[in-house]
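Okay, so here's the structure we're looking at.
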Amino acid sequence: MQRLNLFNALTYKREDMDFNSLLLKMLKAETGSDAFLLYSFSFNDGGLNLKRLDSGFKSPLTAEEKERIESGRTPIVRADEDTSIPEGKYFFEQYPDLSEEELLAMTLSHIASQKGGSDKIYVRLYKESILECVMQAFRPCSS
């Protein structure tokens, strides 16, 4: 478990997709594609319960967008981007294997159990290469 300070929001075009649908889209997408799902969560006797609140997708960055980020300037927000993972402080985990929606609650239970955070978790899927897509979890924290 790490702490992450996200200095700029990660912006996306809103797409109403569940985890499995978004995962399939990402596996077919171009390298550099990026997507997220936002969940609220609670615990009960059965474990972690997740409720999807939002989701979005972003096609790979252009050369101009990459140059702007690499030079330390504020990223460009595309005209169709209407949702985001906001800037802020987060608990952060990256997972070696992608999950299935049925296993997502178990996968996210560690980050959800951390003290001092909100009841929201952002799950990010990022296409690193033709064959590799990584899954990350961001949970807002107070410090």
Side-chain angles (χ1 to χ4, degrees), residues 1-44 47-101 103-143:
M1 173 79 53
Q2 298 177 345
R3 301 252 180 155
L4 173 75
N5 198 356
L6 192 60
F7 290 105
N8 293 296
L10 302 175
T11 56
Y12 303 86
K13 179 183 178 195
R14 182 171 280 122
E15 293 198 13
D16 187 18
M17 301 182 84
D18 63 22
F19 181 85
N20 288 338
S21 299
L22 197 54
L23 179 57
L24 286 174
K25 181 174 183 161
M26 288 298 291
L27 292 174
K28 296 174 185 175
E30 295 176 68
T31 298
S33 295
D34 191 354
F36 89 102
L37 298 114
L38 170 61
Y39 294 95
S40 65
F41 70 88
S42 61
F43 287 96
N44 67 15
L48 180 66
N49 292 310
L50 297 169
K51 178 182 177 189
R52 186 174 53 85
L53 303 174
D54 198 8
S55 55
F57 178 83
K58 183 175 197 150
S59 57
L61 297 175
T62 65
E64 178 188 4
E65 290 169 325
K66 285 180 188 176
E67 187 279 324
R68 189 174 172 104
I69 291 168
E70 290 168 358
S71 68
R73 295 181 296 170
T74 306
I76 296 169
V77 177
R78 298 172 182 171
D80 63 350
E81 293 177 341
D82 54 357
T83 190
S84 69
I85 300 175
E87 64 185 61
K89 295 179 181 181
Y90 292 90
F91 293 115
F92 173 80
E93 284 189 318
Q94 183 162 308
Y95 304 94
D97 297 310
L98 295 178
S99 190
E100 296 176 26
E101 193 157 25
L103 301 173
L104 197 56
M106 187 169 56
T107 303
L108 298 175
S109 61
H110 182 252
I111 197 167
S113 66
Q114 299 301 306
K115 301 261 188 265
S118 78
D119 67 344
K120 306 278 188 296
I121 295 177
Y122 295 88
V123 175
R124 181 182 186 215
L125 301 174
Y126 182 76
K127 184 81 176 255
E128 286 193 332
S129 68
I130 292 173
L131 300 174
E132 194 168 6
C133 190
V134 297
M135 185 173 101
Q136 303 170 331
F138 297 76
R139 180 172 168 220
C141 64
S142 53
S143 60

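Computation of the quantities below employed the complete heavy-atom set of this structure, encompassing side-chain atoms and omitting hydrogens, waters and symmetry-equivalent molecules. Sequence positions, counted from 1, serve as the residue numbers for this chain. Computed from a predicted model, the values in this text were never measured in an experiment.
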> Rounded to the nearest 0.5 Å, how far does OG of S55 lie from OH of Y12?
Replying inline: 11.5 Å
>> For a 4.5 angstrom cut-off between non-hydrogen side-chain atoms, does E65 reach P75?
In response: no
> Would a 4.5 Å heavy-atom cut-off, applied to side chains only, mark C141 and Q114 as touching?
Replying inline: no
>> When you compare the side chain of Y39 with that of L104, does any pair of heavy atoms fall below 4.5 Å?
In response: yes
>> Quick check for you: to the nearest 0.5 Å, what is the distance between R139 atom CZ and H110 atom NE2?
In response: 11.0 Å
> Is the shortest heavy-atom distance from the side chain of F36 to the side chain of D34 under 4.5 Å?
Replying inline: no
> Excluding sequence neighbours, so at least two apart, what forms ring-ring contact (aromatic ring centres under 6.0 Å, His included) with F92?
Replying inline: F138
> Could you give the distance from CD (E67) to CG (L61), rounded to the nearest 0.5 Å?
Replying inline: 12.0 Å
>> Checking E128 now: which residues fulfil side chain to side chain donor-acceptor pair (under 3.5 Å) with it, not counting sequence neighbours?
In response: none
> Side chain of S33, backbone of K127: donor and acceptor closer than 3.5 Å?
Replying inline: no
> Do you know the tightest heavy-atom contact between T31 and S129?
Replying inline: OG1-C, 3.4 Å
> Between D54 (side chain) and L38 (backbone), is there a donor-acceptor pair under 3.5 Å?
Replying inline: no
> Would you say L108 and F41 make side-chain contact, with heavy atoms under 4.5 Å?
Replying inline: no
> Listed by chain and number, what are the side chain to side chain donor-acceptor pair (under 3.5 Å) partners of T11, not counting sequence neighbours?
Replying inline: K58, E81
> Do you know which two heavy atoms are closest between L125 and M26, and how far apart they sit?
Replying inline: O-CE, 3.4 Å
>> Test of understanding: with salt bridge (charged side-chain N to carboxylate O under 4.0 Å, His left out), list the residues that count as partners of E93, not counting sequence neighbours.
In response: none
> Measuring from D82:CG to S84:OG, what's the distance to the nearest 0.5 Å?
Replying inline: 9.5 Å
Which pairs would a plain distance check flag for residues 115-123, meaning a side-chain donor or acceptor within less than 3.5 Å of a matching protein atom at least two apart in sequence or in another chain?
{"residue": "S118", "atom": "OG", "partner": "K120", "partner atom": "N", "Å": "3.1"}

>> To the closest 0.5 Å, what do you measure between CD (E64) and CD1 (I76)?
In response: 4.0 Å
>> Going by side chain to side chain donor-acceptor pair (under 3.5 Å), name the residues that satisfy it together with D16, two or more places apart in sequence or in a different chain.
In response: R52
>> Working to the nearest 0.5 angstrom, can you tell me the gap between T83 OG1 and L10 CG?
In response: 11.0 Å
> With a 4.5 Å heavy-atom cut-off, do Y90 and Q136 have their side chains touching?
Replying inline: no
